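All chains are named by letter (A, B, ...) in the order of the sequence lines, taking the proteins before the strands, and each is independently numbered beginning at 1. Since the model is a prediction, treat every value here as computed from it, not as a measurement.
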Amino acid sequence: MKSDKIRLTLGDWQWNASVIGFINIVGEENVCHIEADTVEFWPEALDGFENKYFAYFINTYEKTLSWYKIVNFQDRLNTYEENNFEEFDLKALEFLNVYIKDVKRYIKSNSYKAAYELIDSEVELLSFEKQLITIKEPKNQQRFDVDKSEIVNEVKRRFLLLQQIINYCASSEGRRYIGAKNAIYNIINNAWNGVSFLNSQTKEKNIYSDYKSYFVDTATGYLQSEKGKYKYNCFVCDAPIKDMSNDLSFLNATGFDVARKSSHVWNFQNDITICPLCKLIYSCLPAGIIYTYNRGIYINQTIKLKDAVRINNKIKSRILRSQDGSMRPIYHALVSVLHEQENDSAKYELADVQVVRYENESYRFNILAKPMLQIIVNSKKELDSLIRVNFIENGRNINVYDEVIGRIFNNQNLFTLIHKMLYGKLSDASKCYFNGSHVRNVLIINQLICSRLGGMKMDNTYLVKKSREAGESLRNKYFNKDSNHKLAGICYRLLNALKTTNENMFMDVTLNCYLYVNSQVPKVITDALGRGKDFSTMGYAFVSGLIDGQDGSGNKEKKAEGE
Amino acid sequence: MKAIRLRLWQDMVNYKKPTSFQLKETYPLPPYSTIIGMVHSLCGYEEYKSMKVSVQGKYFSKVNDLYTRYEFKNAMKYELARHQIQVGEYGICQGVATAELLVDVELLIHIAPEDQTLVDEIYDAFIRPREYPSLGRREDILTIEEVKLVTLTETELEQQIKSLDGYYAYIPYEMVRDERVNLTNNVTGVTYTGTRYKLTKNYELVNYGSKKVPKLFRRWNKVDVVYASVTALAEETFMIDEDNFVAFMV
């Protein structure tokens with residue numbers, strides 16, 4: 001092998017993510033950064049690359065793999081056996097049954113079957129699958145206690161079977177092949193498809209040698225070849241290439257069928273072809289993007305490769321540490337990592353960070369506009385308070401944090417969300433897991449958004465604070481007159497007025513209220529008249545003050561902590 | 001050097017990146033080749049006229065939008081299972097795909113043809129366009145807010161010039177590397193900020209096939225630029241027009 005060093009320089013996001021994936025796979029110690037945006041490595045780093053490739057995915061995503069779910073039961077199994085099933089109760093039995101069902105489903109799936117052929121073992125895992133059946137669950141704990149000894153005997157028999165299955169999977173070969181199969185269908189196929197081991201017609205059964213022959217060997221062969229007579233050029237690295245056989249169509253949502261859909265390119269002549277080495281790098285794309293449950297995220301920091309590696313690894317560890325696969329951790333990790341950057345003496349020009357999200361099998365880009373980023377950064381405190389805030393609308397659980405962030409990304413204001421929250425609080429407070437301070441925080445963030453979108457001058461917290469105080473004091477006056485039952489009706493009318501931004505209707509109701517309690521209309525209300533967004537903000541803050549604590553202040557804390 | 005300065009506005013526009021076929025990704029500002037192409041089309045030039053271009057501008061936000069996608073191969077016969085549309089005996093695939101669109105784009109563009117006699121011709125082409133001008137896709141119509149003939153002079157700045165309110169620019173990479181400009185959001189500890197792009201400028205046609213079966217490719221001349229918001233530093237030399245706008249000519 002010619003031992004010229006190979007260079008990789010940053011380019012567009014997909015390439016960058018692939019380069020970072022490559023660095024993750026070979027390890028940062030095996031590449032050297034020579035310029036801010038360039039790394040070099042010796043061709044020897046490609047020795048045994050196929051092993052490093054799968055090892056990376058198995059190690060990184062271990063806990064999300066179905067393989068891990070099977071193997072992880074070992075501890076439980078040991079505990080039960082050690083204390084002789086004393087703590088084994090109906091719940092444990094139910095859990096065991098769920099586990100057995102999962103194991104049965106996994107070990108007879110096609111990808112597992114394909115892995116068995118590669119594992120050198122006498123054990124026939126599929127024969128266990130038939131023997132492994134769930135245990136009949138008694139109706140309740142009392143019945144369970146009556147039949148416990150019988151049930152435990154059954155369980156012991158299952159454990160014998162399970163132990164063999166776990167041993168089989170947990171063996172180094174089991175981990176190597178089953179883990180790799182899991183990684184292929186959970187992680188790798190998010191980024192590319194249709195070639196090598198992801199080609200449904202592949203002849204090579206061993207995924208390791210398939211990857212090696214398709215990607216690694218062609219790349220090393222290409223590196224050694226004499227390129228003097230090659231007339232084409234690689235689209236990515238400009239290196240000379242022999243023919244046009246390698247295109248980008250294996251990358252998901254990127255290329256096109258070169259043979260049949262040539263209208264995509266100029267003059268029907270596809271000139272976007274890559275060299276085998278670039279193809280190998282592109283195959284590392286799934287190692288660069290961070291995936292959780294069919295969703296992915298990548299921060300495209302293009303200036304310093306080292307930073308790009310660091311930022312993405314930080315997000316990766318943060319996301320993979322959280323067990324919850326919902327949207328929240330992704331956003332939250334993203335936002336908090338961005339915060340950290342800001343706090344890291346604001347090293348990066350935030351506006352130029354391109355965020356690539358992978359969702360529903362397609363990519364989405366967000367160059368977070370600087371004003372919007374600033375809102376996120378400036379309202380960190382308010383946003384953090386909203387992370388666990390939920391309410392239920394039409395049986396659907398809505399997370400306020402996700403809603404707020406989503407709207408900030410889309411340059412939308414939050415008035416409709418605030419309206420929904422207040423309306424929900426009024427009509428069925430038991431389905432709203434938030435209190436007045438959360439509404440206030442949303443209002444403050446909304447003020448920030450509105451001022452970014454133009455036309456807002458007043459200090460945002462001041463207006464919200466004053467209006468809320470006005471609402472609260474009016475509410476107290478109603479309480480003093482023992483007329484608090486009237487408040488709900490008033491709030492409905494005020495909300496309707498706000499939704500239609502009908503100032504006259506709003507003033508009709510408020511004037512009526514202040515007449516009733518025989519006091520002066522606060523200045524903050526009249527000041528906001530005729531000032532569009534300020535009026536809405538004042539109105540919603542006022543209503544939130546009116547509503548707040550309606551269900552008894554003792555409940556407040558408990559509600560806020562709800563699921 | 002004489003140049004044409006344009007102030008342009010567009011509402012929803014896509015400047016496609018060359019490798020994004022499925023989701024049509026956009027550059028943040030039009031690349032040089034797009035602008036050069038527009039000039040050639042408006043002036044009716046049949047062959048390449050060498051010119052230098054500077055691109056600056058900003059956009060408000062970005063959205064993803066659906067579009068109807070047509071895919072076909074030249075002279076491919078219609079097949080019922082494959083194609084949705086039949087045109088005579090030929091077939092076309094129809095489907096939906098996503099395009100990234102920039103919203104409310106403002107542009108400040110300088111164009112300086114190498115052959116300076118063409119300046120008036122190009123100026124006229126923008127004053128009286130022979131058809132509706134578009135930049136980006138064919139449907140991305142352009143509002144021309146100002147066309148002005150300016151003279152660009154190489155000037156050593158006495159005072160630094162900040163970029164126009166919120167404007168970003170494509171800055172030649174050497175200029176950033178040699179620290180002749182200050183990236184506005186630059187912070188100590190980071191050599192340079194912004195996003196690097198390799199932008200296409202012009203091309204020559206190269207035949208990779210034979211004479212009988214030609215296989216024509218465009219061999220692109222690409223330029224290395226940084227997309228960022230900048231301040232042109234004092235005591236450095238820049239191309240300046242008479243209204244004190246810096247032009248980063250490439």
Separation between [atom1] of [X] and [atom2] of [Y], rounded to the nearest 0.5 Å:
| X | Y | atom1 | atom2 | result |
| --- | --- | --- | --- | --- |
| B:Arg196 | A:Leu10 | CZ | CG | 8.0 Å |
| B:Thr19 | A:Ile274 | OG1 | CD1 | 10.5 Å |
| A:Asp12 | B:Glu25 | CG | CD | 6.5 Å |
| A:Ile272 | B:Phe217 | CD1 | CZ | 10.0 Å |
| B:Tyr208 | A:Asp243 | OH | CG | 13.5 Å |

> Looking at B:Arg219, B:Arg82, B:Arg69, B:Lys198, which one has more heavy-atom pairs under 4.5 Å with chain A than the rest?
Replying inline: B:Arg82
>> Using 30° and 60° as the class boundaries, would you call the ring planes of B:Phe21 and A:Phe256 parallel, tilted or perpendicular?
In response: perpendicular
Determine whether more than 12 heavy atoms belonging to other residues, nucleotides or ligands lie under 6.0 Å from atom [atom1] of [X].
| X | atom1 | result |
| --- | --- | --- |
| B:Glu174 | CD | yes |
| A:Lys231 | NZ | yes |
| B:Glu79 | CD | yes |
| B:Lys49 | NZ | yes |
| B:Lys73 | NZ | no |

> Which region of B:Asn74, side chain (C-beta onward) or backbone (N, CA, C, O), has a non-hydrogen atom less than 4.5 Å from a non-hydrogen atom of chain A, or is it both or neither?
Replying inline: both
> Side chain, backbone, both or neither: which part of B:Leu205 has a non-hydrogen atom closer than 4.5 Å to chain A?
Replying inline: side chain
> How about residues 258-270 of chain A versus chain B: which residues have heavy atoms under 4.5 Å apart?
Replying inline: A:Ala259, A:Arg260, A:Lys261, A:Ser262, A:Ser263, A:His264, A:Val265, A:Trp266, A:Phe268, A:Gln269, A:Asn270
> So, is the end of the B:Lys222 side chain (NZ or CZ) under 6.0 Å from the ring centre of A:Phe235 and within 45° of the ring's axis?
Replying inline: yes
> Run the side-chain contact (heavy atoms from CB on, under 4.5 Å) check on B:Glu100 and A:Tyr363 step by step: do they pass?
Replying inline: CA-CA 11 Å; B:Glu100 252 193 310; A:Tyr363 293 105; over 6 Å; no
> Checking heavy atoms, do the side chain of A:Thr254, its backbone, both or neither come under 4.5 Å from chain B?
Replying inline: both
